Amino acid sequence: MLYVHNNLTRQKEPFQPIDPRNVRMYVCGMTVYDYCHIGHARVLVVFDVIYRYLRKLYGEGHVTYIRNITDIDDKIIARANSNRESFLDLTERFIDAMHEDADLLGVLRPNQEPRATVYMAEIIAMIEALVVRGHAYAAGNGDVYYDVSSFADYGRLSGKQLDDLRAGARVEVDEAKTDPLDFVLWKSAKPEEPSWDSPWGKGRPGWHIECSAMSTHCLGNHFDIHGGGLDLQFPHHENEIAQSCGASGEAFVNVWLHNGFVRVDDEKMSKSLGNFFTIREVLEKYAPEVVRYFILTSHYRSPLNYSDKHLDNAKSALTTLYTALRGFDASTHEVDNEFNNRFNTAMQDDFNTPEAIAVLFDLAKEINRQRDTDAAQAGQLAAQLRQLAGQLGLLQDDPQAFLQGKSQAGSGGLSDAEVDELIRQRNQARADKNWAESDRLRDALKAQGIILEDNAGKTSWRRA
RNA sequence: GGCGGGAUAGCAAAAUGGUUAUGCAGCGGUUUGCAAAACCGCGUAUGCCGGUUCAAUUCCGGCUCCCGCCUCCA
């Protein structure tokens with residue numbers, strides 16, 4: 001039985017899909033005006049693992065995963081203007097970049113990636129429904145606002161009271177709104193801005209309505225899981241609930257999952273603080289799988305501190321796992337044993353990836369213990385290790401390719417052929433019992449970041 | 001100010017009312033020409049103060065500190 005921590009109830013509860021033949025999950029994706037940073041990488045990887053695990057539990061064809069793309073908003077318009085390009089050119093570029101980054105991190109593509117700009121009809125229809133049902137009103141200036149007081153449950157997801165929110169000093173005053181807490185559904189266009197026709201004149205959607213329109217259009221009014229970063233809990237997801245329930249009169253989402261932040265020096269990594277590292281920057285120094293492993297070493301709801309030291313640690317750990325797999329064929333095999341049970345128990349406990357990874361290390365140790373005494377058994381366990389790790393999107397590379405892969409810090413270094421030649425010379429020296437020369441060559445290789453291992457009469461190597 | 005999350009060994013990170021987390025780093029041993037890798041062994045961690053209990057890191061209360069949301073943000 002899968003248990004998940006539902007942020008709506010703030011409790012861990014058994015996951016019961018509305019329809020086990022079609023488990024439906026929507027995750028708020030990127031606003032595409034810049035490259036993705038490590039915080040985005042965390043959302044991508046965390047929900048990728050959740051998607052993979054749901055597919056394992058319910059079957060590959062029985063999970064629908066939607067991750068939207070916000071391709072029109074204030075920041076996109078501003079960035080396109082300052083770049084002197086059309087917003088469509090801008091967003092197309094960063095959508096491509098996002099796909100490159102996600103693919104490198106081993107993130108499976110969602111079933112659909114709806115974009116706000118191609119859902120205008122659905123967005124407008126939803127706003128009209130909200131007006132008809134008394135949840136929204138057109139202001140004199142061409143904007144349409146959601147009337148927060150019309151929705152009794154407002155604040156339930158984020159645990160906020162309307163009065164507390166009103167008491168907060170940070171609510172901006174806007175003449176057009178009846179209540180400062182009301183939020184915009186449709187923004188009238190300023191001159192020169194991208195705009196779409198609507199019953200209220202030319203304009204564009206507010207930020208929250210697109211997700212309500214796209215999620216319910218793709219998954220139905222009532223679906224299983226809605227996810228995103230913790231910072232979206234309020235106001236974004238709170239507003240989505242108000243919109244979706246207000247427009248349909250039905251229940252919206254059963255389970256809300258929010259991942260914790262990536263931090264730098266104990267501060268949230270964010271665009272506004274400017275303390276972010278883009279995925280592609282980090283991938284210049286570390287293999288994508290190292291980044292993925294690093295993300296999964298902490299529980300998805302916990303904060304995750306980013307630093308080179310932690311990435312170095314992740315690389316060493318992954319090296320240990322791949323070293324255990326070295327020499328075995330690349331098969332995967334599901335075995336019903338204690339390792340399997342422990343792994344699945346961990347994953348079913350709100351996707352406890354740190355504990356699941358601990359099982360991988362215990363398995364690696366067992367493989368190493370048995371490799372010389374019972375090669376067949378060790379090979380079976382290696383296949384199991386690869387199979388379990390595969391559920392996390394890890395250890396699917398060829399061990400040698402990983403271990404000998406481009407070193408971090410982009411050191412120019414020696415080519416594989418040059419390494420092989422130096423190893424050949426060293427092995428000649430060893431055959432001649434010329435230890436001084438043999439050690440000199442090994443030290444020379446080490447200075448180039450190449451580490452040698454003499455095993456069972458064969459010399460293997462890896463890049464540090 | 002309102003609401004919420006957190007403090008675990010050198011670092012990172014799970015779990016648990018009494019019994020080994022795990023990884024990285026470190027130390028000793030086996031192995032090796034020497035190393036590396038691997039294996040074996042080694043740390044007697046749970047912010048502070050009370051309470052409940054036969055027993056608390058784990059439950060309850062208080063305190064200190066950190067972080068997040070309340071404004072765009074994954």
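Below, chain A is the first sequence line, B the second, and so on; all start at residue 1. Just so you know, these numbers use all the heavy atoms, side chains as well, and skip hydrogens, waters and symmetry mates. Computed from a predicted structure; not experimentally measured.
- Judged by Watson-Crick or G-U wobble contacts below 3.5 Å, the nucleotide B/C27 has B/G41 as its partner.
- The phosphate of B/C24 has OP1 or OP2 within less than 4.0 Å of a side-chain N or O from A/T320.
- The residue among A/D439 and A/S272 whose nearest nucleotide of RNA chain B lies closer to the 5′ end is A/D439.
- Scanning atom types as modelled, no donor and acceptor separated by under 3.5 angstrom connect the side chain of A/K365 and the base of B/C39.
- B/C60 and B/A45: their C1' atoms are spaced 23 Å apart (whole Å).
- Across every strand in view, B/U16 sits unpaired, with no contact that passes the Watson-Crick or G-U test at under 3.5 angstrom.
- For the pair A/K285 and A/F277, the cation does not sit on the ring face, since its NZ or CZ is not both under 6.0 Å from the ring centre and inside 45° of the axis.
- Distances shorter than 4.0 Å separate none of the side-chain N or O atoms of A/W461 from OP1 or OP2 on B/A36.
- With A/Y51 as the fixed residue, the side-chain contact (heavy atoms from CB on, under 4.5 Å) test singles out one of A/T64, A/V27, A/N111, A/V46: A/N111.
- When rounded to the nearest whole Å, the span between CD1 of A/I295 and P of B/A12 equals 18 Å.
- The base of B/C34 is paired with the side chain of A/R442 by a donor and an acceptor separated by under 3.5 Å.
- Proximity of A/N7 to A/L230: side-chain heavy atoms (C-beta onward) are separated by under 4.5 Å at one or more points.
- The distance from atom CG of A/L318 to atom C1' of B/A12 is 15 Å, rounded to the nearest whole Å.
- Between the base of B/C69 and the side chain of A/K160 there is a donor-acceptor pair shorter than 3.5 Å.
- Look at CG on A/N427: it is 13 Å from P on B/G33, rounded to the nearest Å.
- Not a single donor-acceptor pair, N or O on each side, falls under 3.5 Å between the base of B/G23 and the side chain of A/S316.
- Between A/N352 and the phosphate of B/A15, there is a side-chain N or O to OP1/OP2 separation shorter than 4.0 Å.
- When atom types are taken as modelled, the side chain of A/R292 and the backbone of A/L105 share a donor-acceptor pair closer than 3.5 angstrom.
- Nearest-nucleotide assignment on RNA chain B puts the 5′-proximal partner with A/N313, out of A/N313 and A/T323.
- Judged by distance alone, the side chains of A/N344 and A/Y53 do bring a donor and an acceptor atom under 3.5 Å apart.
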